[in-house]
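Here the structure comes first, spelled out in structure tokens, and everything after it is commentary.
What you see below is based on every heavy atom in this structure, not just the backbone, and it leaves out hydrogens, waters and symmetry mates. Since we're looking at a predicted model, the values are computed, not measured.
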Amino acid sequence: MGHQRVDEVEIGNAGSGRVWPPLEECARAIATGSTTSVAMVTRSLDAIEASQSTLNAFKVVRRRAALAEAAEADRRIAAGERLPLLGVPIAVKDDVDVTGEGTAFGCPGEFPAKTADSEMVRRLRAAGAVIVGKTHSPELGQWPLTGGEFGHTRNPWAADRTPGGSSGGSAAAVAAGLVPAALGSDGAGSVRIPASWTNLVGIKPQRGRISTWPDAEAFYGITVNGPLARTVSDAALLMDLVAGNHEGDLHQPPPVTVRDAVDREPGRLRIALSLKIPFTATPRTLHPEIREAIGATAHTLRKLGHEVVVADPAYGILFGLNFLPRSMAGIEQWRGRVPDPSLLDPRTLANARTGRLLGGLPLRAARAAEPRMRRRIGAIFDDFDVILAPTTATPPPPVDAIDGIGHMETDKVVTAACPYAWPWNILGWPSVNVPAGFTSDGLPRGVQLMGHDNTEPLLVSLAAQLERELRWDRECPEQWW
């Protein structure tokens with residue numbers, strides 16, 4: 001495996017090339033008649049289906065429905081209608097509802113077709129997007145590797161490695177050029193981790209920024225939806241288009257826009273460089289090539305005029321215990337939606353049992369402790385604007401790293417690889433993964449820019465400044481799938 005450099009993407013190749021033009025250019029090409037939605041959506045569907053036996057990114061491919069929606073988009077264009085993504089193919093993760101499709105969230109069994117879109121999908125359609133399919137996730141999004149009864153989703157950069165998880169199908173689809181951008185969800189890093197392992201930008205927004213309706217909140221507030229894209233501008237545009245609330249949402253932060261922040265200089269920032277691993281109950285160390293990546297990013301930020309100082313948030317020993325009741329109770333809640341729970345992985349059932357034990361007083365105590373934790377950990381923002389930290393502790397593991405092992409062994413693999421991302425899910429604050437080059441084996445690495453309440457515009461502005469300097473958007477994997 002290897003990678004190649006792409007200097008320019010011709011609009012005319014939007015129907016044939018593996019690297020897509022930016023989302024805005026895709027929409028413009030359709031609107032101006034340079035191509036059609038049917039041609040663009042067909043290119044995406046053909047690429048998806050050609051890759052399914054190897055890359056295995058999709059749970060559902062909506063060929064007939066997507067082509068009908070594309071033909072309708074072309075009619076609307078001909079009638080003079082204009083929308084930000086009218087006719088552009090986009091993928092969503094299989095944990096959100098799409099009318100006419102089941103929502104399996106990585107689980108085996110026969111799931112009934114949904115009769116309504118989730119609020120995020122409704123907003124995506126309102127922007128004109130054509131949803132070409134639903135991407136794979138591990139069972140109930142529990143692990144940072146994407147595999148299950150459907151086999152393994154593989155990393156476009158290395159066939160023997162995972163693209164990460166739980167939004168691994170969405171990340172693989174974007175990195176492989178099957179779609180120009182996709183949406184995922186992040187409950188313990190599940191957007192940022194696969195973004196870091198596939199050379200993508202992944203935004204974990206503020207809690208409530210993108211609706212989780214028909215759930216008033218997801219996994220008791222730790223899970224949010226977010227975009228995956230090759231560029232900051234594409235991720236920012238997609239986030240703006242799906243952001244907003246249903247009246248039933250439990251969390252409704254004040255609105256922000258981020259696409260306009262892409263072209264805005266962030267100014268000189270004070271950035272805390274933190275390598276501290278938050279509390280986990282199993283052994284973990286930072287891989288030297290990830291340490292090197294974060295050091296190189298810090299050097300680039302200093303070169304851009306920012307002050308970068310080593311400093312750690314005050315996580316506290318008990319911080320990790322806040323995550324467990326919310327995640328496990330969330331798994332138990334989802335288990336109740338599965339048509340045949342007996343088909344679930346034994347590890348899923350074990351986690352659900354834990355969720356039943358923790359779903360009462362421990363869950364209420366965990367939620368009640370959140371404001372204190374926000375104050376204690378948020379104190380670092382008295383002195384700093386942004387925190388720079390690793391997204392993962394290691395490069396992407398082999399696709400089968402957790403196959404056929406027990407519950408405790410799985411936890412050891414997972415926490416060794418991914419101990420960094422989950423704290424911001426408890427706190428509900430935004431964080432953006434940005435690519436940080438490649439290991440000596442050619443595997444992508446990422447780092448995260450972490451902010452305080454409602455700081456997505458600042459993080460996006462800083463990420464875009466890094467992209468202009470580093471141009472990770474010019475790197476794409478050599479095709480093997």
Side-chain angles (χ1 to χ4, degrees), residues 189 191-193 195-204 231-232 235 261-262 264-278 284-315 377-396 417-424 427 429-452 455-475:
V191 163
R192 290 163 289 158
I193 290 163
S196 74
W197 285 343
T198 57
N199 196 53
L200 298 179
V201 176
I203 301 177
K204 175 219 170 296
T231 66
V232 177
V262 171
R264 194 164 62 229
E265 290 296 323
R268 186 174 187 270
L269 302 176
R270 280 180 55 80
I271 299 172
L273 169 60
S274 176
L275 300 181
K276 180 179 181 178
I277 293 178
R284 66 273 176 217
T285 55
L286 182 60
H287 189 283
E289 290 198 79
I290 304 296
R291 185 183 294 271
E292 178 194 22
I294 200 161
T297 306
H299 176 75
T300 301
L301 289 166
R302 290 189 182 106
K303 191 170 70 169
L304 290 167
H306 304 293
E307 182 180 0
V308 183
V309 178
V310 175
D312 295 313
Y315 289 120
I377 295 166
I380 193 170
F381 292 105
D382 293 341
D383 299 313
F384 297 97
D385 302 297
V386 174
I387 299 170
L388 169 67
T391 304
T392 69
T394 69
C418 302
Y420 280 104
W422 59 270
W424 254 233
L427 300 166
W429 296 335
S431 177
V432 178
N433 176 81
V434 295
F438 299 85
T439 68
S440 55
D441 295 332
L443 300 172
R445 309 175 292 191
V447 299
Q448 55 179 333
L449 307 172
M450 305 155 74
H452 204 261
T455 53
E456 292 101 324
L458 175 64
L459 299 179
V460 163
S461 176
L462 181 59
Q465 186 186 45
L466 276 169
E467 181 178 278
R468 287 190 290 271
E469 183 74 15
L470 300 175
R471 294 309 306 267
W472 56 67
D473 56 311
R474 291 182 174 175
E475 305 290 344

Short question: side chain of [X], backbone of [Y] - any donor-acceptor pair under 3.5 Å?
X: Thr297; Y: Ala293; value: yes
X: Arg268; Y: Gly305; value: yes
X: Glu289; Y: Ser440; value: yes
X: Tyr420; Y: Leu275; value: yes
X: Arg291; Y: Leu286; value: no
X: Ser461; Y: Arg264; value: yes
X: Arg192; Y: Val432; value: no
X: Trp424; Y: Ala421; value: no

Closest non-hydrogen atom pair between [X] and [Y], with its separation:
X: Pro419; Y: Ile277; result: CB-CG2, 3.6 Å
X: Phe384; Y: Ala272; result: CD2-N, 3.5 Å
X: Met450; Y: Ser431; result: CG-OG, 3.5 Å

Atom pair [atom1] ([X]) and [atom2] ([Y]), whose distance is rounded to the nearest 0.5 Å:
X: Lys204; Y: Ile193; atom1: NZ; atom2: CD1; answer: 12.5 Å
X: Leu470; Y: Gln465; atom1: CG; atom2: CD; answer: 10.0 Å
X: Leu269; Y: Glu307; atom1: CG; atom2: CD; answer: 10.5 Å
X: Leu449; Y: Ile271; atom1: CG; atom2: CD1; answer: 7.5 Å
X: Leu462; Y: Glu467; atom1: CG; atom2: CD; answer: 12.0 Å
X: Ile380; Y: Ile387; atom1: CD1; atom2: CD1; answer: 4.0 Å

Report task. Go through the steps for Val191 and Ile203 under the test side chain to side chain contact (heavy atoms under 4.5 Å, CB included), then give the verdict. Result -> CA-CA 7 Å; Val191 163; Ile203 301 177; 5.8 Å; no
For a 4.5 angstrom cut-off between non-hydrogen side-chain atoms, does [X] reach [Y]?
X: Leu273; Y: Val309; answer: no
X: Pro435; Y: Asn199; answer: yes
X: Val447; Y: Ile290; answer: no
X: Ile377; Y: Trp429; answer: yes
X: Phe381; Y: Thr455; answer: no
X: Trp472; Y: Leu200; answer: no
X: Asn433; Y: Val201; answer: no

Modelled atom types, side-chain donor and acceptor of [X] and [Y], under 3.5 Å:
X: Trp197; Y: Thr392; result: yes
X: Asp312; Y: Ser274; result: yes
X: Gln448; Y: Thr391; result: no

Query raised in the report: Can you name the side chain to side chain donor-acceptor pair (under 3.5 Å) partners of Arg468, sequence neighbours left out?
Result: Glu265
Query - Sequence-distant partners of His287, ring pair (Phe, Tyr, Trp, His ring centres under 6.0 Å), two or more places apart - result: none
